Amino acid sequence: MKRTLLAIMMMTAAMMFTACTPSDIEIQTEEAATEADSSESSTEEALQETEEAQTEAVTFAEGEVPTGVNGGPGFLPTTTADQSDIPEDKRNPVSTEQQVIVSVYCVDSTGVFQQMDVVSEVNADTLLERLILNGVLSEDTELVNYEDNGDGTAVLELSELSPVYTKAKEEQVLACITDTYTENLGLTQITIKAGGQDYGTFEFTNEYDRT
């Protein structure tokens, strides 16, 4: 009798254990599903925020970029520093001039070579200034006269033709002047005079370029 009762109790316990197992699995499954839904929701929110940020950046880039004094690189507004509380002789100069890139032809022991420079305005005076500052002509050189004939030719008269690089040949110095003026002023030919001497009419040349 005792054995029968023990057997019945064991069978009952086994059935209860079997019945409980699916319940535990179901609970675990629901928790995992909840965590998955939460993770998916967070991912969707992150993607949505990214898309909104990209949309704002595109909108800003296409039509809302500050210009003029309020514009600047990287969409950052630029403003002039307030120097009102600084003595005038200590203030940093603020340049409002437009800078234009020009080609200046120079000469050294290797020959004639191109040097890029900037001027506020492209004309006969500023080009002569660049030739002097880049060591082609002596700082005593002055512009006597410049005449544009309006047909792609011009006449340039200088006070002297004294190169800074003393070993430079005369034809190399003339080539520097010719190439600098013809290229930047859109000329086909230029007549060069200096110190009362007419050196002739020249066209752009690369004959004396660096080798």
Side-chain angles (χ1 to χ4, degrees), residues 61-63 65-76 78-81 91-211:
E62 289 180 347
V65 181
T67 57
V69 295
N70 295 321
F75 305 137
L76 297 177
T78 57
T79 57
T80 302
R91 296 179 185 179
N92 292 326
V94 179
S95 175
T96 58
E97 294 183 346
Q98 180 180 1
Q99 299 295 301
V100 183
I101 298 176
V102 293
S103 298
V104 181
Y105 288 84
C106 310
V107 61
D108 61 13
S109 59
T110 63
V112 175
F113 61 94
Q114 184 186 48
Q115 182 80 17
M116 306 309 294
D117 208 329
V118 293
V119 295
S120 58
E121 183 181 357
V122 183
N123 55 44
D125 289 291
T126 56
L127 291 178
L128 175 59
E129 179 185 272
R130 293 298 106 183
L131 284 169
I132 294 173
L133 292 177
N134 282 279
V136 179
L137 297 173
S138 166
E139 61 181 7
D140 296 325
T141 307
E142 297 178 356
L143 178 64
V144 176
N145 184 49
Y146 175 77
E147 183 178 354
D148 189 330
N149 298 322
D151 58 356
T153 65
V155 178
L156 173 69
E157 185 175 357
L158 304 175
S159 61
E160 58 183 283
L161 193 72
S162 301
V164 174
Y165 176 56
T166 55
K167 293 184 179 181
K169 298 178 181 179
E170 183 178 279
E171 54 266 30
Q172 291 178 317
V173 178
L174 291 170
C176 290
I177 299 171
T178 298
D179 292 357
T180 299
Y181 275 80
T182 56
E183 180 170 318
N184 293 291
L185 296 178
L187 303 173
T188 55
Q189 292 182 333
I190 187 169
T191 300
I192 300 175
K193 300 178 181 180
Q197 180 178 346
D198 187 342
Y199 286 90
T201 300
F202 306 93
E203 298 180 353
F204 185 93
T205 178
N206 55 15
E207 180 180 353
Y208 307 104
D209 286 2
R210 283 176 167 176
T211 55

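Quick caveat, the model's predicted, so the values are computed rather than measured.
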Please find the pair of heavy atoms, one from Leu137 and one from Val164, that lie closest to each other, and give the distance. O-CG2, 3.4 Å
Indicate yes or no for a side-chain donor-acceptor contact from Asn206 to the backbone of Asp209 under 3.5 Å, with no hydrogens or angles considered. no
Any Lys/Arg nitrogen of Arg210 or Asp108 sitting under 4.0 Å from an Asp/Glu carboxylate oxygen of the other? yes
Do side-chain atoms of Asn184 reach the backbone of Ser103 as a donor and acceptor pair under 3.5 angstrom? yes
State, yes or no, whether a side-chain contact exists between Val107 and Phe113 at a heavy-atom distance under 4.5 Å. no
What heavy-atom pair brings Val102 and Arg130 nearest, and what distance separates the two atoms? CG2-CG, 4.5 Å
ring-ring contact (aromatic ring centres under 6.0 Å, His included) partners of Phe204, counting only residues at least two apart: Tyr105
Heavy atoms of Thr205 and Glu207 approach each other most closely as OG1-N, 3.0 Å
Result block: side-chain N/O donor-acceptor pairs under 3.5 angstrom for residues 171-178, not counting sequence neighbours:
residue, atom, partner, partner atom, Å
Gln172, OE1, Lys169, N, 2.9
Thr178, OG1, Leu174, O, 2.8

Here the pair of heavy atoms bringing Asp179 nearest to Glu203 is OD1-O, 4.4 Å
Using a 3.5 Å distance criterion without hydrogens, assess whether the side chain of Thr191 forms a donor-acceptor pair with backbone atoms of Val155. no
Looking only at heavy atoms, the pair that brings Glu121 and Thr126 closest together is O-OG1, 2.6 Å
Report the C-alpha separation of Cys106 and Val112 in whole Å, then their side-chain angles, then the decisive distance to 0.1 Å, and conclude whether the side-chain contact (heavy atoms from CB on, under 4.5 Å) test is met. CA-CA 6 Å; Cys106 310; Val112 175; over 6 Å; no
Report the C-alpha distance between Asp117 and Ile101 in whole Å, list the side-chain angles of each, state the deciding distance to 0.1 Å, and finish with yes or no for side-chain contact (heavy atoms from CB on, under 4.5 Å). CA-CA 6 Å; Asp117 208 329; Ile101 298 176; over 6 Å; no
Only one of Thr182, Asn149, Thr201 forms a side-chain contact (heavy atoms from CB on, under 4.5 Å) with Gln189, so which one is it? Thr201
Taking Val136's backbone N and O only, do any of them form a donor-acceptor pair with Asn134's side chain (distance below 3.5 Å, no angle check)? no
When you compare the side chain of Asn145 with that of Glu147, does any pair of heavy atoms fall below 4.5 Å? yes
Exactly one candidate in Leu127, Asp125, Leu185, Leu158 meets side-chain contact (heavy atoms from CB on, under 4.5 Å) with Tyr146; the answer is Leu185
Show your working on side-chain contact (heavy atoms from CB on, under 4.5 Å) between Thr153 and Leu187 and close with a plain yes or no. CA-CA 6 Å; Thr153 65; Leu187 303 173; over 6 Å; no
Surrounding CD of Glu160 (heavy atoms of other residues, nucleotides or ligands, distance under 6.0 Å), is the total greater than 12? yes
For Leu128 and Leu143 the tightest heavy-atom approach is CD2-N, 3.5 Å
